[in-house]
Visitor: 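One structure follows; several queries about it will come next.
These numbers were taken from a predicted model, which means no experiment stands behind them. Each chain gets a letter, A, B and so on, in the order the sequences are listed, and its residues count up from 1.
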Protein chains: 4
Amino acid sequence: MISKEENILFAAEKLFAERGFEKTSTREISREANVNISMISYYFGSKEKLLESLFEMRMAESQTYIKEIMAKPDLNEWQKISLIIDRYTERVRTYKVFYTILQTEQLTNKNEQIIRYLENSKKGFLDMYQKLVDDGFQNKTFKKKPNIAMMHATLSGTMFYAMNGLPMYKDYFSINKENIDYDQQYFQDLNLHIKEILKHILGYEENK
Amino acid sequence: MISKEENILFAAEKLFAERGFEKTSTREISREANVNISMISYYFGSKEKLLESLFEMRMAESQTYIKEIMAKPDLNEWQKISLIIDRYTERVRTYKVFYTILQTEQLTNKNEQIIRYLENSKKGFLDMYQKLVDDGFQNKTFKKKPNIAMMHATLSGTMFYAMNGLPMYKDYFSINKENIDYDQQYFQDLNLHIKEILKHILGYEENK
Amino acid sequence: MISKEENILFAAEKLFAERGFEKTSTREISREANVNISMISYYFGSKEKLLESLFEMRMAESQTYIKEIMAKPDLNEWQKISLIIDRYTERVRTYKVFYTILQTEQLTNKNEQIIRYLENSKKGFLDMYQKLVDDGFQNKTFKKKPNIAMMHATLSGTMFYAMNGLPMYKDYFSINKENIDYDQQYFQDLNLHIKEILKHILGYEENK
Amino acid sequence: MISKEENILFAAEKLFAERGFEKTSTREISREANVNISMISYYFGSKEKLLESLFEMRMAESQTYIKEIMAKPDLNEWQKISLIIDRYTERVRTYKVFYTILQTEQLTNKNEQIIRYLENSKKGFLDMYQKLVDDGFQNKTFKKKPNIAMMHATLSGTMFYAMNGLPMYKDYFSINKENIDYDQQYFQDLNLHIKEILKHILGYEENK
DNA sequence: AATGAATGAGCGTTCATTCAT
DNA sequence: CATGAATGAACGCTCATTCAT
């Protein structure tokens, strides 16, 4: 059984992604969630805090898998990076709606709580990449030491740009909007494309 | 002498980038532009059409340099791509505010005119890349034929993600907000980073 | 206890009659009704629909008394017409403000819903008169068969023109604005005047 | 050659009748009249005074024909009333648009100048009717002395109500909007209908 | 715990009119 | 004489939020 609170959260996520935070009214959210309009203030305090709650939920999820992967003892640095890319691709594909909101907020939001979430997340990723690159370079898994900021920009930038572009490509090639096979292939290509680039800038050679 | 119409356009560009289209009120624009609030309707018809006018202006500018480069007879395919990246980096750096708006609109706007501008622009770039890649492969400048959609996602995605991240890096490393030298270095690194990746995925070797 | 919704309706009726629909602002209505300005949209949807609601209420009332009179079994055709004129006079006197609005809307309004109300009402009256005239002619209550459109124009036209002229007459003869006795006499004269004309054009003779 | 001033006047008359005074903007008038928007203030002072000028023009016209008829020496009282009705019918038919405005203003306008025009006009008619009725009664042309206010209400009320109803009848009987023959017949019926009533309430018998 | 009526601020836009040229 | 850019006030309406129940 899904609670009213979750109903609101998921309805808001969908509508914020579709129309943007500002253009989505609390009335629409309450209608979509099948709850009374005043329940939003009641449960979350305000529309703004509802957005924060949404970020809190989704961002917490992504912190866990990073730690999980980093803790695995029997993987070398490239295997860890490769696994991170796999999980990242999967998450972006699954939570497209949330990552649409995230990008928008990154561009315009001035909400302090959300800025903190975003910075923490970004710094977490940067630290992790730095460690993997340093370790990998030291033990000669990697031959190069790329600029971490640039490497991250390529990884995340390519991912998001490709994600945003998918509907346009489907429209362009007249692919059915609900065609999941196409999505699958697209995200697989994307995954390989990113890995290919990272291998190059890290100076990693397979089967060595 | 700058006209009232341009005053409004530039004030709007600044505020739309800072707060987003929805959160920016016509009153704020008129205050920032030092004009009466009704001048917005007078010159542009509506707030929506003001945004369209802004897109029209900036997008028209970017179409010209593409044609210019493609028409140059004495450059090989890589030199053309390299030049495109140079110009692109320069534009993004100069018109940061506009490209912030562009990204936001790409994510949420439902305005038909703007969707058309964005699609036209994107298709223009894709067609150009396709032609350069095909030609370069034929005459053996390039050894590989990458997926154009993915190549474009990496080029534009890296560029925008890096652009968006700049203020955070400056903040992180306590660099003065107005420090232009840092920006210069940052965008130069970005430029080289992107070129390095493209050379790899195109299979281009220098000094051959 | 009178509800806020009714408060708005009656305040609007008064102001629309006094100044006309366009010249009456929602702010004035809310002030007159002692409610917040947003309650108009809340209860009625819009200023336009508030007017429609007003028409719905008043027009529904007038449909009932027609049916009531027509259904009376023990009255001849002239007695029915006579009774209709009595009720009509009474209504116009009581709801002067509404009939002022009705006339204005008849002249300029383009609102489809209201046009429909007005046409239905008018056709209802015309059908009724036609039936009474036909029946009365057949059973020799009436000696003439007048043009129904013209008969209706005289009945309603005289009524409204006289109603509109009343304030001017009171002003002209320096009668106190609130003097109800004068009104009573005026509407009684009007009632008899109209009946006298209708008897003539229907060829009805009393005491036959 | 028609002057700009007249162009504005006729354009305003048309639009005020179609949409009402308030709903007609000065921009629309200037567009319809093919003049610059500021010419309205320039020539007439304001939108309000433009309406006054319109009334001044049309009301002056109607005063002349009354005096003309009253001055005719060789007509008896009924012949004068009959002639007044003829001219009145003709004017209403010709200046339908203006009489639509007149009725609306009579219902809601608070403009002092216009109120004065309307009162003067009405009193002029009432005085004239009073004189004709008194004279006719004295010389036994008429057998009755009706209430002048009621007689006027029937004359003008029937006229206007019938005029306003014409479009609805044409629509109802699917008559072409531009069919002038139907109009002609309609106004002739109206003319005879009003005369028939007046003969009755004045106690006038023809060919006696 | 849950409702929905009610609030007040602010929104984008239109208006008649003015004024520098 | 005539223009049209520019003004400031007011418009109808929507918004997130509050509050009595």
Side-chain angles (χ1 to χ4, degrees), chain A residues 3-5 8 12 21-31 34-51, chain B residues 3-5 7-8 12 21-31 33-51, chain C residues 3-5 7-8 12 21-31 33-51, chain D residues 3-5 8 12 21-31 34-51:
Chain A
S3 75
K4 287 198 178 186
E5 210 169 332
I8 295 170
F21 178 77
E22 303 297 334
K23 262 203 170 170
T24 305
S25 73
T26 51
R27 258 165 197 79
E28 285 172 311
I29 298 169
S30 70
R31 208 179 303 128
N34 264 316
V35 300
N36 184 279
I37 186 184
S38 47
M39 298 315 292
I40 292 168
S41 298
Y42 188 72
Y43 278 125
F44 299 95
S46 71
K47 188 187 169 192
E48 194 85 14
K49 283 185 189 154
L50 164 59
L51 182 67
Chain B
S3 74
K4 292 206 173 191
E5 204 171 338
N7 250 334
I8 295 170
F21 178 77
E22 304 296 336
K23 261 203 171 170
T24 306
S25 74
T26 51
R27 272 160 190 83
E28 284 172 311
I29 297 170
S30 72
R31 208 178 303 131
N34 263 315
V35 300
N36 186 279
I37 187 180
S38 51
M39 296 316 289
I40 292 169
S41 299
Y42 185 75
Y43 279 122
F44 300 95
S46 68
K47 188 188 168 190
E48 194 85 13
K49 282 185 189 154
L50 165 57
L51 181 67
Chain C
S3 75
K4 291 206 173 191
E5 204 171 338
N7 251 334
I8 295 170
F21 178 77
E22 303 297 335
K23 260 202 170 171
T24 305
S25 74
T26 52
R27 272 160 189 83
E28 285 172 311
I29 297 170
S30 72
R31 209 178 302 130
N34 262 314
V35 300
N36 187 280
I37 187 179
S38 52
M39 296 317 289
I40 293 170
S41 299
Y42 185 73
Y43 279 121
F44 299 95
S46 69
K47 188 189 168 190
E48 194 86 12
K49 283 186 189 155
L50 166 57
L51 181 67
Chain D
S3 74
K4 287 198 179 187
E5 210 169 333
I8 294 170
F21 178 76
E22 304 297 333
K23 263 203 169 170
T24 305
S25 74
T26 51
R27 259 165 197 80
E28 285 172 311
I29 297 169
S30 71
R31 209 178 304 128
N34 265 314
V35 300
N36 185 278
I37 186 184
S38 47
M39 297 315 292
I40 291 168
S41 298
Y42 188 72
Y43 279 125
F44 299 94
S46 70
K47 188 187 169 192
E48 194 85 13
K49 285 185 187 151
L50 165 58
L51 182 67

Visitor: Between the side-chain atoms of C:Ser38 and the base atoms of E:dG8, is any donor-acceptor pair under 3.5 Å?
Guide: yes
Visitor: From CZ of A:Arg31 over to P of F:dT14, roughly how many Å is that when rounded to an integer?
Guide: 12 Å
Visitor: Quick one: is A:Thr26 getting a side-chain N or O under 4.0 Å of the F:dA16 phosphate, OP1 or OP2?
Guide: yes
Visitor: Separation of C:Met39 atom CE from E:dT7 atom P, in whole Å?
Guide: 6 Å
Visitor: Minimum heavy-atom separation for B:Thr26 to B:Ile37, with atom names?
Guide: OG1-CD1, 3.7 Å
Visitor: Taking all atoms of both residues into account, what is the closest heavy-atom pair of D:Glu28 and D:Thr24, and its distance?
Guide: OE1-CA, 3.5 Å
Visitor: If you compare all heavy atoms of B:Ala12 against all heavy atoms of B:Leu50, which two are closest, and at what distance to 0.1 Å?
Guide: CB-CD2, 3.8 Å
Visitor: Which pair of non-hydrogen atoms, one from B:Lys49 and one from B:Phe44, has the smallest distance, and what is that distance?
Guide: CB-O, 3.1 Å
Visitor: Rounded off to whole Å, could you give me the CG-to-P distance for the D:Asn34 and F:dG4 pair?
Guide: 13 Å
Visitor: Rounded to whole Å, how long is the line connecting atom CG of C:Asn7 with atom P of E:dA5?
Guide: 16 Å
Visitor: Counting the atoms with a prime plus P, OP1 and OP2 as sugar-phosphate, which does D:Ser41 contact under 4.0 Å by heavy atoms, base, sugar-phosphate, or nothing?
Guide: base
Visitor: For residues D:Tyr43 and D:Glu5, report the shortest heavy-atom separation together with the two atoms involved.
Guide: CD2-OE1, 3.9 Å
Visitor: Does any donor-acceptor pair link the side chain of B:Arg27 with the base of E:dG12 at a separation under 3.5 Å?
Guide: yes
Visitor: Could you check how far CD1 of C:Ile29 sits from P of F:dA10, rounded to whole Å?
Guide: 17 Å
Visitor: Nearest heavy atom decides the nucleotide; on that basis, is B:Glu22 or C:Ile37 closer to the 5' end of DNA chain E?
Guide: C:Ile37
Visitor: Measure across A:Glu22 and A:Lys47 and return the closest heavy-atom pair with its distance rounded to 0.1 Å.
Guide: O-NZ, 3.7 Å
Visitor: Is there a side-chain polar atom (N or O) of C:Lys4 under 4.0 Å from OP1 or OP2 of E:dT7?
Guide: yes
Visitor: Quick one, A:Ile8 and A:Ile40 - any side-chain contact, counting heavy atoms below 4.5 Å?
Guide: yes
Visitor: With DNA chain E as reference, determine whether B:Glu28 or C:Val35 sits nearer its 5' end, using the nearest nucleotide of each.
Guide: C:Val35
Visitor: For C:Lys47 and F:dT14, give me the distance from atom NZ to atom P, rounded to whole Å.
Guide: 14 Å
Visitor: Atom OG of A:Ser41 and atom CG of A:Asn36: how far apart are they, to the nearest 0.5 Å?
Guide: 10.0 Å
Visitor: Would you mind reading off the distance between D:Tyr43 atom OH and F:dT3 atom C1', rounded to a whole angstrom?
Guide: 12 Å
Visitor: Would you sketch DNA chain E in dot-bracket for me? Only Watson-Crick or G-U wobble pairs with both distances under 3.5 Å count, crossing pairs as [ ], other-strand pairs as |, the rest as dots.
Guide: .||||||||||||||||||||
Visitor: Below the 4.0 Å mark, does E:dA2 have OP1 or OP2 next to a side-chain nitrogen or oxygen of A:Tyr42?
Guide: no
Visitor: Rounded to the Å, how far apart are C:Ile8 CD1 and F:dC13 C1'?
Guide: 14 Å
Visitor: Using a 4.0 Å heavy-atom cut-off across all strands, classify C:Thr24 as base, sugar-phosphate, or nothing.
Guide: sugar-phosphate
Visitor: OP1, OP2 of F:dC11 versus side-chain N and O of C:Ser25: anything below 4.0 Å?
Guide: yes
Visitor: NA contact type, A:Phe44, heavy-atom cut-off 4.0 Å: base, sugar-phosphate, or nothing?
Guide: nothing
Visitor: Just call it for C:Ile40: base, sugar-phosphate, or nothing, with non-hydrogen atoms closer than 4.0 Å on any strand.
Guide: nothing
Visitor: Under 4.0 Å from OP1 or OP2 of E:dG4: is there any side-chain N or O of A:Asn36 that close?
Guide: yes
